[in-house]
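Worksheet: one structure, shown below.
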Amino acid sequence: MLGEIFGAGAAAEAGLINRVVDQGAALNEALDRATGLTALPAGSIEATKALLRKHRHTAVRDALTDEYTVFAERLVSDDAKAAFGRFTAKA
């Protein structure tokens, strides 16, 4: 939330990534994973990808709606009014 930089270990711990590999090993790991996927039935891969995509737009729309609602609430909060007041006082 503060725009701080964090490493791969912290990203994995936060669930943003599912695996950490040694430096320089990312390409080989990706190729190994891709090779593993090619061994699976194509129909299963296509169905899985379709399921993953199915609700993506709905999820994004819902997230934006939630964000708008919270932003609108925060915009009229006492904290926001105080911040706006400080900003306009500087002008």
Side-chain angles (χ1 to χ4, degrees):
M1 290 181 61
L2 299 175
E4 297 170 339
I5 295 173
F6 54 88
E13 194 172 303
L16 298 174
I17 60 174
N18 60 13
R19 146 185 333 243
V20 177
V21 298
D22 294 331
Q23 184 150 353
L27 179 59
N28 285 337
E29 180 69 20
L31 291 172
D32 288 346
R33 305 285 288 174
T35 299
L37 288 173
T38 63
L40 299 173
S44 295
I45 296 293
E46 290 170 13
T48 299
K49 287 173 65 176
L51 288 168
L52 290 171
R53 280 192 229 109
K54 184 176 182 177
H55 298 290
R56 179 177 48 192
H57 297 294
T58 303
V60 170
R61 185 189 65 232
D62 290 348
L64 289 173
T65 299
D66 291 347
E67 184 177 330
Y68 173 80
T69 300
V70 171
F71 182 75
E73 290 169 357
R74 298 304 309 148
L75 202 54
V76 296
S77 71
D78 291 339
D79 290 337
K81 290 175 186 174
F84 297 148
R86 288 190 302 275
F87 178 78
T88 56
K90 291 179 184 179

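Just so it is clear, the model here is predicted, and its values are computed rather than measured.
Shortest non-hydrogen contact noted between R74 and D79 is NH2-OD2, 3.2 Å.
A single hydrophobic cluster is not seen to contain both V20 and L27; linkage of ILVMFWY side chains at heavy-atom distances under 4.5 Å, directly or through other members, places them apart.
Between atom CZ of residue F71 and atom CG of residue L64 there is a gap of 13.0 Å, rounded to the nearest 0.5 Å. Atom NZ of K49 sits about 9.5 Å away from atom CG of L37, to the nearest 0.5 Å. One finds the CG atom of L51 at 12.5 Å from the CZ atom of R56 (value rounded to the nearest 0.5 Å).
Remark: V21 engages R19, A25, A26, E29 in a side-chain contact (heavy atoms from CB on, under 4.5 Å) (not counting sequence neighbours). In this structure, D66 has no salt bridge (charged side-chain N to carboxylate O under 4.0 Å, His left out) partners at least two apart in sequence or on a different chain.
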